[in-house]
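Note sheet for the following structure.
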Amino acid sequence: MTPPRRASGTTASTRRLTTAQALIAFLARQYTERDGRRHRLIGATWGIFGHGNVAGVGQALVEAGPAMPYLQGRSEQAMVHAAVGYARQSGRLSAHAVTTSIGPGATNLVTGAALATVNHLPVLLLPGDTFATRPADPVLQQIEVPHSGDVSVNDCLRPVSRYFDRITRPEALIPAALQAMRTLADPAETGAVTLALPQDVQAEAYDWPAEFFAPRVWNVRRQAPDPHELDQAVRAVRAARRPLIVAGGGVHHSAAEEALAAFAAATRIPVASTQAGKGSLRHDHPADVGGIGHTGTATADALARDADLVIGIGTRYTDFTTASATLFADPAVRFLNLNITGFDAHKLSALPLVADARTAIGALGEALGAHGHRVDPAYESEYTDAKGHWERRVDAAFSTTDPDARPTQAQVLGLLDELVTEDDILINAAGSLPGDLHKLWRARSPQQYHVEYGYSCMGYEIPAALGVQLAAPGRPVWALVGDGTYLMNPTEIVTAVQEGLPVKLVILQNHGYASIGGLSESVGAERLGTAYRHRTEGDFTGAPLPVDLAANAASLGMRVLRAASVGELRRALAKARGADRPTCVYVETETADTVSGPPPAQAWWDVPVAETATRPSAVEARKEYDRQIAARRRHL
Ligand SMILES: Cc1ncc(C[n+]2csc(CCOP(=O)(O)OP(=O)(O)O)c2C)c(N)n1
Ligand SMILES: [Mg+2]
């Protein structure tokens with residue numbers, strides 16, 4: 001018998017809603033749970049509206065009211081960056097959704113989606129899609145593929161999404177929405193999740209089972225290690241004479257920092273960190289030896305060269321970490337990889353330990369503790385001495401003597417180092433800053449060092465700061481950007497002003513791409529296209545461009561403090577830190593020389609150089625390249 005129909009069209013066991021209304025109502029009732037704490041899985045929805053989502057998801061957000069907070073972004077890519085910043089700061093236990101129109105609004109998501117997926121950070125993408133019923137193809141912004149009628153531009157999102165579905169019938173939303181939530185909350189699979197929503201289906205009504213809207217809790221599992229893999233791991237650690245831990249982003253994702261600190265304190269195994277893993281230990285933990293790889297410290301890289309066992313924890317072993325497969329040089333080196341994904345756990349022919357980082361570190365520590373395992377004191381004093389030596393190099397790069405001088409980039413970091421506490425969060429992603437930060441920064445708390453180096457996307461910093469600030473109200477959040485990066489994506493400043501988010505922006509002006517300029521020179525490309533200078537006689541060697549980025553930031557609504565010297569910068573940073581609205585510190589930096597700058601790279605990075613060339617710079621660069629690749633090896 002059919003249950004009695006109510007006036008609203010709702011029955012006792014079904015609710016009549018549009019697909020978009022059903023989706024938003026569903027999302028508002030999803031939760032994650034880990035370690036006994038519950039979090040909203042989708043905390044808010046970012047959106048830019050066009051004809052592809054305004055009447056569907058837009059109208060649904062109005063119907064939902066405060067049940068689903070809405071955030072207004074300026075560019076779709078930036079909205080994803082903001083969502084990623086929020087998810088990372090939330091320990092991946094809470095995420096944001098992003099709704100867009102069809103066509104360009106949707107394809108603007110691709111870069112952000114790739115960034116989220118590379119970094120294993122959850123974000124729910126809801127691009128509009130062209131009509132499922134196809135009454136009037138092509139609609140505005142539809143691409144037509146003559147040999148394949150079901151292609152839309154949203155197919156660009158498939159390779160960069162961990163789950164992708166196109167909802168061509170209302171009822172197909174039910175299994176798709178459940179799979180989307182499962183993927184977002186799965187610690188091994190999470191990344192960008194895309195539900196493409198044809199604009200006609202968004203507005204179409206359906207009688208949804210009431211259970212679809214019941215609160216649902218997704219357990220973020222702490223997977224325990226397999227006993228055999230754990231046994232193998234224990235044997236490997238006990239047999240090692242020069243073990244080295246490489247802490248990756250997985251340490252943070254698992255909130256395993258305390259477990260790692262206890263493990264390192266007990267075993268005295270030194271801990272180096274990748275960009276994503278920095279902050280796994282506080283910089284003053286005796287076992288912390290700083291960043292590893294191409295941008296690493298001399299301490300960590302020397303340990304890596306002689307290590308007989310490399311214990312990777314939550315790392316993907318990118319080329320920056322392995323110095324393009326040249327860093328781990330001991331002929332007998334073995335790897336033990338503790339990772340939540342089998343894919344990463346098996347890299348470099350490692351002994352795999354597939355498990356949640358915190359759980360497995362605890363289990364490993366317990367098994368070793370039973371034997372009182374600890375590295376040789378001579379090994380410990382070797383890295384302790386090396387660390388002290390590196391600290392003095394950091395002090396030298398940070399130190400300032402003349403308050404009237406223009407600061408170097410390292411001195412800007414030194415002034416921040418003087419100012420910040422455990423509360424502050426520093427965000428960066430590209431340029432010469434990631435290398436300087438990885439080498440020099442003294443992380444005081446687990447989430448302080450927020451460098452996105454999985455995708456190293458220029459323009460991540462400012463929008464990410466918004467997401468981080470939303471997840472960490474009251475904490476000082478700093479976006480550090482070069483001038484090139486600022487120009488790539490400043491628009492979310494407007495959103496910070498609109499939302500009253502007191503993010504701090506530091507623009508380091510050096511008139512172009514200092515990082516790529518240096519790289520370009522070293523590979524024989526002669527700095528082509530890396531300086532922001534007037535074109536003279538076909539070359540970009542004229543005066544710096546008369547571009548005023550400080551005025552630009554002010555025009556978008558930020559309070560701007562210009563600092564021309566070390567003394568002014570010190571005062572400006574302190575003022576910005578205390579500010580209760582979005583504040584920008586603008587500083588022209590001095591080009592560093594080898595004395596005043598950060599220490600040079602301690603390990604190689606493979607950027608292939610032209611094998612044939614007429615210009616001497618490239619011919620010389622290739623000779624050096626051939627010398628370097630001889631050290632590359634495969635770990636089999
Ligand atoms: C979206 C994007 N495009 C291109 C690159 C390649 N790239 C890496 S660093 C860089 C230059 C960054 O310039 P700036 O922000 O001024 O920093 P600087 O190198 O001067 O420190 C470029 C073009 C990138 N990482 N991301
Ligand atoms: Mg620059």
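Each ligand, and each atom within it, is numbered from 1 in the order the structure gives. Atoms considered below: every heavy atom in the structure, side chains included; atoms not considered: hydrogens, waters and symmetry mates.
- In this structure, atom 19 (O) of ligand 1 lies nearest to the protein heavy atom S515 OG, 2.6 Å.
- Annotation: atom 8 (C) of ligand 1 to nearest protein heavy atom, I516 CD1, 3.7 Å.
- Screening D288, D424, D417 against R444 for a salt bridge (charged side-chain N to carboxylate O under 4.0 Å, His left out) leaves a single residue, D417.
- Of the listed residues (L124, L126, L125, L157), just one forms a side chain to side chain contact (heavy atoms under 4.5 Å, CB included) with V193, and that residue is L124.
- In the candidate list A531, G512, C457, G512 is nearest to atom 20 (O) of ligand 1, counting heavy atoms.
- Remark: minimum distance from atom 15 (O) of ligand 1 to any protein heavy atom is reached at T485 OG1, 2.7 Å.
- Within 6.0 Å of CD1 in I629 there are more than 12 heavy atoms belonging to other residues, nucleotides or ligands.
- Ordered by chain and number, D483 OD1, N510 OD1, G512 O make up the set of protein N, O or S atoms under 2.8 Å of the Mg ion (ligand 2).
- Those atoms of ligand 1 that come under 4.0 Å of a heavy atom in S432, given as number and element, are 18 (P), 19 (O), 21 (O).
- Residues passing the ring pair (Phe, Tyr, Trp, His ring centres under 6.0 Å) test with Y532, sequence neighbours excluded: Y513.
- When heavy-atom distances to ligand 1 are checked against a 4.0 Å cut-off, D483 comes that close through both its backbone and its side chain.
- For the residue pair D301 / Q602, no side-chain donor-acceptor distance below 3.5 Å is found, with atom types taken as modelled.
- Proximity of L433 to E461: side-chain heavy atoms (C-beta onward) are nowhere separated by under 4.5 Å.
- In the model, E76 has no side-chain atom that pairs as donor or acceptor with a side-chain atom of T100 under 3.5 Å.
- None of R92, E452, R88 except one satisfies the side chain to side chain donor-acceptor pair (under 3.5 Å) rule with N119; the exception is E452.
- Side chain to side chain, Y449 and H252 fail the donor-acceptor criterion of an N or O pair below 3.5 Å.
- Considering only non-hydrogen protein atoms, atom 14 (P) of ligand 1 sits nearest to G484 N, 3.6 Å.
- Under a 4.0 Å heavy-atom criterion, S456 is in contact with ligand 1.
- Side-chain polar atoms of S432 and Q409 form a donor-acceptor pair below 3.5 angstrom.
- Heavy-atom distances between A429 and ligand 1 stay at or above 4.0 Å for every pair.
- Nearest non-hydrogen protein atom to atom 5 (C) of ligand 1 is M458 SD, 3.5 Å.
- Ranking the protein heavy atoms by distance from atom 13 (O) of ligand 1 puts Y513 CD2, 3.2 Å first.
- Scanning all protein heavy atoms for the shortest distance to atom 17 (O) of ligand 1 gives G431 CA, 3.7 Å.
- Nearest non-hydrogen protein atom to atom 18 (P) of ligand 1 is A514 N, 3.6 Å.
- A donor-acceptor pair under 3.5 Å is formed between the side chain of H438 and the backbone N or O of T295.
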- request: Give the C-alpha distance, both sets of side-chain angles, the deciding distance and a yes or no for side chain to side chain contact (heavy atoms under 4.5 Å, CB included) between L505 and Y486.
  value: CA-CA 10 Å; L505 169 64; Y486 177 84; 4.0 Å; yes

